[in-house]
Amino acid sequence: MKKSNNSRRQFLQQSSMAGLALVSASSWSTSFSSSQVAQAELGKRIGIIGLDTSHVTAFTKALNAPEASQYGGYKIVAAYPRGSKDILSSTERIPAYTTEVQKYGVEIVSSIQDLLTKVDVVMLETNDGRLHLEQALEVLKAGKRMFIDKPIAASLKDAEAIFAASEKYKVPVFSASSLRFSPSAQEIRAGKVGKVIGADAYSPMKIEKTHPDLFWYGIHGVETLFTMMGTGCKQVNRYINEEQEVVVGVWNDGRIGTFRGLKNGKQEYGGTAFGSNSVAHLGPYGGYDPLLLKIIEFFQTGIPPVSKEETLEIFAFMEAADASKNQQGAKVNLADMYSKK
């Protein structure tokens with residue numbers, strides 16, 4: 001979610017180009033001939049929904065590179081560019097990111113329905129979680145496996161609805177932050193420190209007014225915390241000042257995990273796991289490749305690397321943090337966040 005470097009002048013010039021793309025896919029032409037881009041095999045054609053996050057250019061460059069043998073032949077072949085309708089930091093990215101993915105042979109289409117006729121699997125990349133349920137339903141009804149970039153939705157209720165639709169149509173989905181698959185986080189998950197008896201995680205905490213506070217950027221640190229601790233959080237308290245925020249979670253077995261959202265000062269990602277055998281600090285960010293490899297494995301097997309239960313608990317944690325804020329830091333039970341059946 002890096003801020004666009006485009007100037008206002010560039011944005012206005014590129015916006016006119018993007019408008020043509022949204023009216024008719026045929027108005028775009030790729031700078032690569034078809035012979036310059038390896039054609040994806042049937043079953044390995046990836047489609048992207050939403051060209052308003054830097055993830056789409058990173059994923060396209062990696063997957064469509066001629067030497068990208070580690071991804072099993074999967075290629076991004078088509079994209080529907082529309083993302084957020086009213087989040088400027090998202091809408092202003094679409095023209096430049098559309099132009100960029102075209103350089104790698106990606107066809108720009110004018111609708112999700114058109115996209116679904118050209119691809120086998122989908123990456124839902126729209127930055128705006130409020131659109132995810134509507135967009136995901138089209139993909140699930142078409143029977144396409146789908147990775148949904150974070151946040152899976154802009155509310156726990158919508159996240160629950162996406163998983164319910166996944167089960168209804170018998171089409172697997174998963175969502176994750178790339179921080180989850182950093183090598184050091186996965187080592188802790190696998191038992192490097194023994195049983196994790198407590199953990200602290202931190203990340204930048206930029207807030208987008210259209211989403212609950214932690215959904216936009218804090219989700220990175222929250223998911224890092226759950227990667228180390230696992231599921232079973234029962235309640236949270238949230239503490240706030242001008243520089244940072246801390247959400248303290250208590251797990252069913254008494255373990256305590258904390259998320260620290262950094263609002264000012266040095267903006268970094270990290271954390272510490274306190275284990276029965278040792279203490280470990282999270283190493284440097286592993287980039288997008290570990291996540292991308294998990295996405296491809298999921299497309300191949302249909303087995304999500306993150307469970308529905310864990311994803312929903314992460315979102316219950318973040319909504320409970322908002323509820324605690326509204327109650328001046330009072331304890332809030334995660335169970336109260338879920339939709340009542």
Side-chain angles (χ1 to χ4, degrees), residues 1-6 8 10-25 27-28 46-61 63 76-104 106-116 118-119 121-140 142 144 146-155 158-159 162 173 175-178 206-212 215-217 219-220 288 291-292 295:
M1 291 188 182
K2 293 180 180 178
K3 292 183 178 179
S4 171
N5 293 322
N6 294 331
R8 177 62 60 182
Q10 290 172 319
F11 168 55
L12 292 173
Q13 291 172 339
Q14 291 165 334
S15 292
S16 62
M17 296 173 60
L20 293 174
L22 299 178
V23 173
S24 171
S27 65
W28 290 94
I46 302 173
I48 287 178
I49 297 173
L51 295 178
D52 60 349
T53 168
S54 60
H55 293 186
V56 299
T57 55
F59 291 165
T60 302
K61 289 176 183 178
L63 288 165
I76 296 171
V77 301
Y80 170 64
R82 282 185 178 169
S84 178
K85 299 179 179 71
D86 58 0
I87 299 175
L88 181 61
S89 65
S90 292
T91 60
E92 67 180 5
R93 295 168 173 169
I94 294 175
Y97 288 168
T98 300
T99 300
E100 184 67 18
V101 300
Q102 285 183 297
K103 295 177 183 178
Y104 294 88
V106 177
E107 178 184 358
I108 305 302
V109 301
S110 59
S111 70
I112 293 176
Q113 286 301 313
D114 189 15
L115 179 82
L116 294 173
K118 301 173 183 289
V119 305
V121 291
V122 171
M123 293 178 172
L124 203 172
E125 294 294 327
T126 304
N127 238 355
D128 190 343
R130 295 172 298 172
L131 303 179
H132 284 183
L133 175 57
E134 175 186 349
Q135 293 176 328
L137 284 174
E138 291 192 66
V139 180
L140 294 171
K144 311 285 186 181
M146 175 173 47
F147 165 72
I148 305 176
D149 219 327
K150 57 83 200 156
I152 191 172
S155 68
D158 275 8
I162 288 172
V173 301
S175 180
S177 161
S178 57
K206 299 173 185 176
I207 293 175
E208 164 53 47
K209 64 182 180 180
T210 60
H211 289 59
F215 280 44
W216 195 247
Y217 239 92
I219 187 173
H220 289 300
Y288 292 130
L291 169 62
L292 192 51
I295 294 171

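Predicted, not measured: the structure shown is a model, and the values here were computed from it. Index from 1, following the sequence.
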Under 3.5 Å donor-acceptor, His211 side chain and Trp216 backbone: no
Derivation and outcome, side chain to side chain contact (heavy atoms under 4.5 Å, CB included), residues Val121 and Met146: CA-CA 6 Å; Val121 291; Met146 175 173 47; over 6 Å; no
Side-chain donor-acceptor contact under 3.5 Å, Ser111 with Gln113: no
Any donor-acceptor pair under 3.5 Å from His220 side chain to Ser177 backbone: no
Pairing residues for Thr60 by the side chain to side chain donor-acceptor pair (under 3.5 Å) criterion, not counting sequence neighbours: none
Minimum side-chain heavy-atom gap Arg93-Leu51 below 4.5 Å: no
Test applied, side chain to side chain contact (heavy atoms under 4.5 Å, CB included); reference residue, Val122; option that passes from Ile148, Ile48, Ile46, Leu116: Leu116
Short side-chain to backbone donor-acceptor contact, Lys144 and Val119, under 3.5 Å: yes
Ala79 versus Leu115, closest heavy-atom pair with distance: N-CD1, 3.7 Å
Asp52 backbone acceptor or donor facing Asn127 side chain under 3.5 Å: yes
OH-CD distance between Tyr97 and Glu92, expressed to the nearest 0.5 angstrom: 9.0 Å
Residue pair Asp86, Arg130: steps toward the salt bridge (Lys or Arg N to Asp or Glu O under 4.0 Å) verdict: CA-CA 11 Å; Asp86 58 0; Arg130 295 172 298 172; 2.4 Å; yes
Beyond-backbone contact of Leu131 with Lys85, side-chain heavy atoms, under 4.5 angstrom: yes
Steps toward side chain to side chain contact (heavy atoms under 4.5 Å, CB included) verdict (Ile49, Val139): CA-CA 10 Å; Ile49 297 173; Val139 180; 3.7 Å; yes
Lys118 side, atom NZ; Glu107 side, atom CD - distance, nearest 0.5 Å: 4.0 Å
Approximate separation, where rounding is to 0.5 Å, of Ile152 CD1 and His132 NE2: 9.0 Å
Steps toward side chain to side chain contact (heavy atoms under 4.5 Å, CB included) verdict (Tyr104, Thr57): CA-CA 9 Å; Tyr104 294 88; Thr57 55; over 6 Å; no
Residues which pass salt bridge (charged side-chain N to carboxylate O under 4.0 Å, His left out) with Glu100, listed by chain and number, not counting sequence neighbours: Lys61, Lys103
CD1 on Ile87 to CG on Asp128, rounded to 0.5 Å: 4.0 Å
Which atom of Ser90 lies closest to which atom of Ser84, heavy atoms considered: CB-CB, 3.8 Å
Distance-minimising heavy-atom pair for Val56 and Val101: O-CG1, 4.2 Å
Derivation of the side chain to side chain contact (heavy atoms under 4.5 Å, CB included) call for Ile108 and Thr98: CA-CA 8 Å; Ile108 305 302; Thr98 300; 3.8 Å; yes
Non-neighbouring partners of Phe59 that pass ring-ring contact (aromatic ring centres under 6.0 Å, His included), sequence neighbours left out: His55, Tyr288
Distance (rounded to the nearest 0.5 Å) between Leu291 CG and Phe147 CZ: 4.5 Å
pair Leu63-Leu292: side-chain heavy atoms closer than 4.5 Å: yes
Heavy-atom pair with the smallest gap, counting every atom of Gly83 and Ile94: N-CD1, 3.8 Å
Under the side chain to side chain donor-acceptor pair (under 3.5 Å) test, residues paired with Ser155 that sit two or more places apart: none
Check: Pro95 main-chain N/O paired with Thr99 side-chain donor or acceptor under 3.5 Å: yes
Inter- and intrachain pairs under salt bridge (charged side-chain N to carboxylate O under 4.0 Å, His left out), touching residues 131-140, at least two apart: none
Distance, nearest 0.5 Å, that separates CZ of Arg82 from CD1 of Ile112: 10.0 Å
Salt bridge (charged side-chain N to carboxylate O under 4.0 Å, His left out) against Asp149, all qualifying residues, sequence neighbours excluded: none
